[in-house]
A.B. asks: 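Following this message is one structure expressed as structure tokens.
As the structure lists them, so they are numbered: ligands from 1, and atoms in each ligand from 1.
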Amino acid sequence: MAVLFRAGFSFIATSAVHAETRTVMTMEPNIEIENLNVSYISRNTRVRAVREFSLDLRENESVGLLGESGAGKSTVGWALLGLIGKQNVVTGEINFQGKNILKMTNRELNAYRWTDASMIFQASLNTLDPLITVGQNFVDLLTNKKTCDNKRDARALAWETMKLLALQESIMDAYPHQLSGGMKQRVAIAMAISTNPKVLVADEPTTALDTITQASILRLMKTLREQKKIRGILFVSHDVTVHAYMTDRLLVMYRGRVIEQGSTKEVITNPLHPYTKLLLSSERIGGQKEGVRAGASQDDVAPADGCPYVPFCPYAMKSCSESFPTARTIGQDHRVSCFLYDAK
Ligand code: SF4
């Protein structure tokens with residue numbers, strides 16, 4: 001645990017350790033993802049980025065997706081916004097208020113994005129039009145999405161929202177390239193919540209920032225959650241410390257699969273899956289990594305239908321290569337997909 005709370009995040013750590021996991025399980029979900037599978041197609045290659053992913057995201061709940069690069073976390077977020085290109089293969093269902101997003105027309109998707117579901121990208125320039133001022137970016141968004149009837153109301157709402165992110169009014173007349181990375185990211189967050197969406201996908205929103213800016217933005221986002229300015233949130237991050245601070249529930253992903261899930265506190269303090277244990281291990285940097293079989297390398301190939309962790313797992317057995325283990329519930333609401341727990 002100690003390693004999670006080093007590197008200048010002590011205020012986050014303290015809050016996370018003592019934070020109560022909010023009871024939100026009884027509320028109706030805003031978004032229901034059922035057996036989502038996403039494959040990226042490129043020429044003759046097919047990469048299975050997400051497999052058999054299911055999740056209910058409830059109002060006012062913060063759910064985290066944790067895993068390394070290539071785990072499929074961002075793909076889930078993009079699918080939730082209907083942003084997976086048509087050349088790729090997406091199956092399953094993502095239901096929002098009884099409608100499957102995967103079956104929406106372009107017109108329906110345009111109406112759904114920003115107003116029902118918004119996204120904060122790692123690179124906020126993806127959100128802002130660099131050719132117009134920040135204020136004009138807001139006006140275009142809020143009038144196009146009919147959040148506001150006119151330019152004056154849109155500017156007033158923009159300023160109202162920017163104040164929540166501790167931004168100066170002068171920024172309204174600045175162009176995106178004139179802002180620092182931290183300011184751009186705060187503007188992007190302000191835009192994402194200005195339409196009052198029911199669901200917000202935050203895809204590594206602070207990864208590109210320095211530690212101090214990162215901490216201040218996370219603190220602001222947490223306050224916005226407490227004020228209910230941010231409602232349901234899907235938080236994508238490879239950083240356990242960020243999840244400890246920001247999320248109620250955590251899903252650990254590995255090579256497209258959810259391998260463990262539960263309340264954030266439970267998963268972090270009592271990891272079950274060998275990969276999660278490795279991820280959280282203080283021995284991770286340098287030396288022999290706990291849970292890694294001697295001789296295994298990143299190039300080892302995982303079995304097509306078995307557990308994707310086979311090439312690295314010191315406990316791998318024959319059955320691990322034959323099928324992906326069914327998730328077992330251990331304790332209250334803590335689920336793990338690993339054959340080691342089959343007999344328990
Ligand atoms: Fe290791 Fe098998 Fe468990 Fe996968 S299912 S983590 S290979 S023991």
A.B. asks: So, E34 versus S54: side-chain donor-acceptor pair below 3.5 Å or not?
C.D. replies: no
A.B. asks: What atoms of ligand 1 come within less than 4.0 Å of a heavy atom belonging to H273?
C.D. replies: 6 (S)
A.B. asks: Rounded to the nearest 0.5 Å, what separation is found between the CG atom of L109 and the NZ atom of K103?
C.D. replies: 12.5 Å
A.B. asks: Between the side chains of T247 and T264, is a donor N or O closer than 3.5 angstrom to an acceptor N or O?
C.D. replies: yes
A.B. asks: Think K222 forms a cation-pi with Y245, using NZ or CZ under 6.0 Å from the six-ring centre and within 45 degrees of its axis?
C.D. replies: yes
A.B. asks: Do E266 and H334 get their side chains close enough for a donor-acceptor pair, meaning under 3.5 Å?
C.D. replies: yes
A.B. asks: Atom 2 (Fe) of ligand 1: which protein N, O or S atoms are under 2.8 Å away?
C.D. replies: C320 SG
A.B. asks: Check salt bridge (charged side-chain N to carboxylate O under 4.0 Å, His left out) between R328 and all other residues, then give those that pass, not counting sequence neighbours.
C.D. replies: D342
